[in-house]
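Numbers here simply count residues along the sequence, with the first being 1. Side chains included, hydrogens not; waters and symmetry mates left out as well; all remaining heavy atoms used.
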Amino acid sequence: MREPVYVTKTHLPDRNRLDAYIDRIYESNRLTNNGPLLRELTERLEAYLGVENLLLVSNGTLALQIAYKALGITKQAVTTPFSFVATTSSLAWEGIEPIFADINPKTFCIDPKEIEKAITPETQAIVPVHVFGNACEIEAIESIAQKHGLKTVYDAAHAFGVRFKGKSIFNYGDASTLSFHSTKIFHTIEGGAIVFKEREAFERARLMINFGIDGPDSVVALGINAKMNEFQAAMGLAMLDEIEEIHASREKVWKQYKENLKGKLQLQARNLDCTCNYAYFPVVFESEEALLEAKAELNKNRINPRRYFYPSLDKVPFLRRQECPQSREIASRILCLPINTRLKATIVSQICSLIQKG
C-alpha cells in the first residue's frame with residue numbers, strides 16, 4: 001500500500017553532506033553560543049538573500065516576539081486574521097493588542113484600505129503577512145506606516161527567497177521575520193531569523209536573544225534565550241547547499257497543479273511584482289460543502305491536504321474579535337494541496353482528478 005501523502009514533507013539533505021557539517025561540530029566541541037557554523041550560516045544567508053542585519057534565532061515565533069521588543073512595540077498593532085496563529089498569538093503573548101484588518105479575497109493578504117480603518121491612537125505597528133509567499137501590498141502599507149508614524153514588521157515565514165521589484169522582500173519594513181521550521185522550503189529543523197532595517201535594532205535584538213549578556217561578566221539588558229544552536233545551523237548549511245534543487249523540484253509540482261486546475265477552482269492572485277518560491281498551492285472551492293467533499297475524497301485515497309489557514313483568527317476565542325467577513329469566507333473554502341520535493345507527477349495528477357471528482 002502506498003504511504004500517505006501529506007500537505008508537507010520535510011526535505012532531508014544528503015546525509016553525507018550533513019554529516020560533514022556535524023563532524024565539524026564534534027571537532028570544535030562547540031554546540032551553541034554563536035558557534036562557527038552559525039556564523040557561517042548567517043553570512044551565507046545574507047549573501048544568498050541579499051540582506052544585511054540578519055539575526056538567527058531558535059524558532060519563527062520567537063523571531064516575531066524579539067522583533068516587537070527590539071522595535072519598542074508595546075501597545076497595539078494592526079494585523080491580519082488570515083495567517084497561522086503565531087502571527088497574532090505572539091502579539092498577545094507580548095501584551096500587545098492585535099487589531100484585525102480584513103483581507104483582499106483574491107490575494108489573501110491584508111487589505112491596505114482596511115488597515116487605515118483599523119488604526120487607533122494606541123496603534124504602534126502594522127504586522128502584515130506575505131501569505132503563502134505572495135507579497136502583500138508593500139508600497140501601500142509602507143505609505144500608511146509613514147503617514148501615521150508606525151513601525152512595520154512583516155511576517156515573511158513563507159517568503160524565503162522571494163524578491164519584490166528586483167530585491168529581497170526582506171529589505172522592506174523595519175523588520176521581517178522568517179520561519180525555518182521543518183515544513184518550510186528552507187529549514188533548520190526548528191529555527192527562524194529576523195532581518196532588521198536598522199543596525200541599532202539588530203544590536204538590541206542580538207543582546208535580547210542571549211539573556212542581555214554582552215560579555216563574560218556583563219549583563220546590560222533584559223533578555224531571554226532565543227539562540228540557534230550548531231546542530232540547527234548544520235542542517236541549515238546542508239539545506240542551503242541544495243536550495244536550487246529544492247526550488248526546481250517544487251516548481252515542477254506547483255506548475256503542474258496550476259496547469260490542471262486553472263479555471264476550475266479559484267487560485268491565489270499573485271503579486272506581479274514578486275517572484276514565486278513555490279512554497280504552497282492553495283485552492284478555493286465554491287463552498288465549504290464542496291471543500292469538505294473534495295477533502296473526504298482525497299482522504300479516502302490516503303492524501304491529506306490541509307485547511308490552511310483555518311479558522312480565521314478573528315474567530316479565535318482568546319482574542320478581541322473584530323469580524324472580518326472576507327477572511328472568514330476564504331478560510332471556510334480554502335485548501336492547501338500537498339507539495340514537496342519528491343512528490344511524483346502521477347500523484348499530482350491523481351490529486352487534481354480527485355478534487356474535481358469530489
Contacts of K258 meeting salt bridge (Lys or Arg N to Asp or Glu O under 4.0 Å) (sequence neighbours excluded), chain-then-number -> none

Subject >> Under 3.5 Å donor-acceptor, D314 side chain and C324 backbone >> reply: yes

Backbone N/O of T74 and side chain of Q124: donor-acceptor pair under 3.5 Å: yes

Exercise answer: donor-acceptor pairs, residues 260-267 side-chain atoms, under 3.5 Å, sequence neighbours excluded:
| residue | atom | partner | partner atom | Å |
| --- | --- | --- | --- | --- |
| N260 | ND2 | Q256 | O | 2.7 |
| K264 | NZ | N260 | O | 3.3 |
| Q266 | NE2 | P105 | O | 3.1 |

The side chain to side chain contact (heavy atoms under 4.5 Å, CB included) partners of I339 (sequence neighbours excluded) come to R250, V253, W254

* To do: Test S327 against D102 for side chain to side chain donor-acceptor pair (under 3.5 Å), laying out the working first.
  => CA-CA 6 Å; S327 179; D102 213 346; 4.8 Å; no

- prompt: If only atom types and distance count, is the side chain of N299 paired as donor or acceptor with the main-chain N or O of I303 below 3.5 Å?
  reply: yes

Next on the checklist: So that I can tick it off, tell me whether D241 and R17 are bridged by a salt bridge, with the cut-off set at under 4.0 angstrom between side-chain N and carboxylate O.
Outcome noted: yes

Closer than 4.0 angstrom, basic N to acidic O: yes or no for R333 and E329? yes

Under 3.5 Å: donor-acceptor pair, side chain of N271, backbone of A135 = yes

With sequence neighbours left out, the residues meeting salt bridge (Lys or Arg N to Asp or Glu O under 4.0 Å) with K255 are E251

**Distance flag, aromatic centroids of F132 and Y278, threshold under 6.0 Å** = no

Per side chain to side chain contact (heavy atoms under 4.5 Å, CB included), P305 is matched among L298, I351, L291, I355 by L298

Open item on the list: Less than 4.5 Å apart, side chain to side chain, heavy atoms only: is that true for M239 and T188?
Closed with: no

Using 4.0 Å as the upper bound for N to carboxylate O, is an ion pair formed by K113 and E116? no

Contacts of F164 meeting ring pair (Phe, Tyr, Trp, His ring centres under 6.0 Å) (sequence neighbours excluded), chain-then-number -> Y172

| field | Between Q76 and E122: side-chain donor-acceptor atoms closer than 3.5 Å | value | no

Query raised in the report: Do side-chain atoms of N104 reach the backbone of C136 as a donor and acceptor pair under 3.5 angstrom?
Result: no

In short, ring-ring contact (aromatic ring centres under 6.0 Å, His included) pairs touching residues 183-228 with sequence neighbours left out are F160-F186, F180-F186

Worksheet item: Is there a path of hydrophobic side-chain contacts, each under 4.5 Å between heavy atoms of I, L, V, M, F, W or Y residues, that connects L64 with F82?
Response: no

Residues passing the ring pair (Phe, Tyr, Trp, His ring centres under 6.0 Å) test with H181, sequence neighbours excluded, are none

>> One pair to check against side chain to side chain donor-acceptor pair (under 3.5 Å): T107 and Q268. What are the steps and the verdict?
In response: CA-CA 5 Å; T107 66; Q268 184 180 28; over 6 Å; no

- prompt: Is any side-chain heavy atom of Y154 closer than 4.5 Å to a side-chain heavy atom of V129?
  reply: no

message: Starting from L62, can I reach M235 by hopping between I/L/V/M/F/W/Y residues whose side chains sit under 4.5 Å apart?
response: no

Quiz item: Does N340 use its side chain to pair, donor to acceptor, with the backbone of R342 at less than 3.5 Å?
Solution: yes

The salt bridge (Lys or Arg N to Asp or Glu O under 4.0 Å) partners of E43 (sequence neighbours excluded) come to none

Notebook entry, point to check: Does a side-chain N-to-carboxylate-O contact under 4.0 Å join R307 and E288?
Noted result: yes

- Salt bridge between R24 and E27, side-chain N to carboxylate O under 4.0 Å? no

Exercise for review: Determine yes or no for a side-chain-to-main-chain donor-acceptor pair under 3.5 angstrom, with R39 supplying the side chain and N34 the backbone.
Suggested key: yes

Practice problem: Determine, for K165 against E139, whether the closest basic-nitrogen to carboxylate-oxygen distance falls under 4.0 angstrom. | Solution: yes

Nearest heavy-atom approach of L56 to I209 is O-CD1, 3.7 Å

Query raised in the report: Are E114 and I110 close enough that some pair of their side-chain heavy atoms sits under 4.5 Å apart?
Result: no

| task | State, yes or no, whether a side-chain contact exists between T79 and I99 at a heavy-atom distance under 4.5 Å. | result | no

Is the backbone of R163 close enough, under 3.5 Å, to the side chain of T275 for a donor and an acceptor to pair up by distance?
yes

- Task: Verify, without hydrogens or angle tests, whether D14 (side chain) and N16 (backbone) share a donor-acceptor contact under 3.5 angstrom.
- Result: yes

For this session: Examine distances only and state if a side-chain atom of S249 and a backbone atom of I246 form a donor-acceptor pair shorter than 3.5 Å.
Result: yes

Residues passing the side chain to side chain donor-acceptor pair (under 3.5 Å) test with Y68, sequence neighbours excluded, are S90

key: I126 vs V153 side-chain heavy atoms within contact, under 4.5 Å   = no

Taken in chain and number order and not counting sequence neighbours, the residues that satisfy side chain to side chain contact (heavy atoms under 4.5 Å, CB included) with V85 are S89, L313, F318

Residues A205 and I66: closest non-hydrogen pair is CB-CG2, 3.7 Å

- Would you indicate whether the side-chain heavy atoms of I138 and H130 approach each other to under 4.5 Å? yes

**Message:** Is there a side-chain contact between K69 and E94 in this structure, where contact means two heavy atoms from C-beta onward sitting under 4.5 Å apart?
**Reply:** yes

| task | Evaluate the criterion side chain to side chain donor-acceptor pair (under 3.5 Å) for residue pair T32 and E230; output intermediate values, then yes/no. | result | CA-CA 5 Å; T32 188; E230 288 288 271; over 6 Å; no

K227, NZ atom: more than 12 neighbouring heavy atoms under 6.0 Å: yes

Distance-only criterion, 3.5 Å: show the donor-acceptor pairs between side-chain atoms of residues 4-12 and protein atoms not counting sequence neighbours.
| residue | atom | partner | partner atom | Å |
| --- | --- | --- | --- | --- |
| K9 | NZ | E3 | OE2 | 3.2 |
| T10 | OG1 | S182 | O | 3.1 |
| H11 | ND1 | T341 | OG1 | 3.1 |
| H11 | NE2 | E242 | OE1 | 2.9 |

request  = Treating Ile, Leu, Val, Met, Phe, Trp and Tyr as nodes and any side-chain heavy-atom pair under 4.5 angstrom as an edge, say whether L54 and M228 lie in one connected cluster.
outcome  = yes

Those residues at least two apart in sequence (or on a different chain) that pass side chain to side chain contact (heavy atoms under 4.5 Å, CB included) with A140 are P112, E137

message = If hydrophobic clusters are built by linking Ile, Leu, Val, Met, Phe, Trp and Tyr wherever their side-chain heavy atoms come under 4.5 Å apart, do L55 and L222 end up in the same one?
response = no

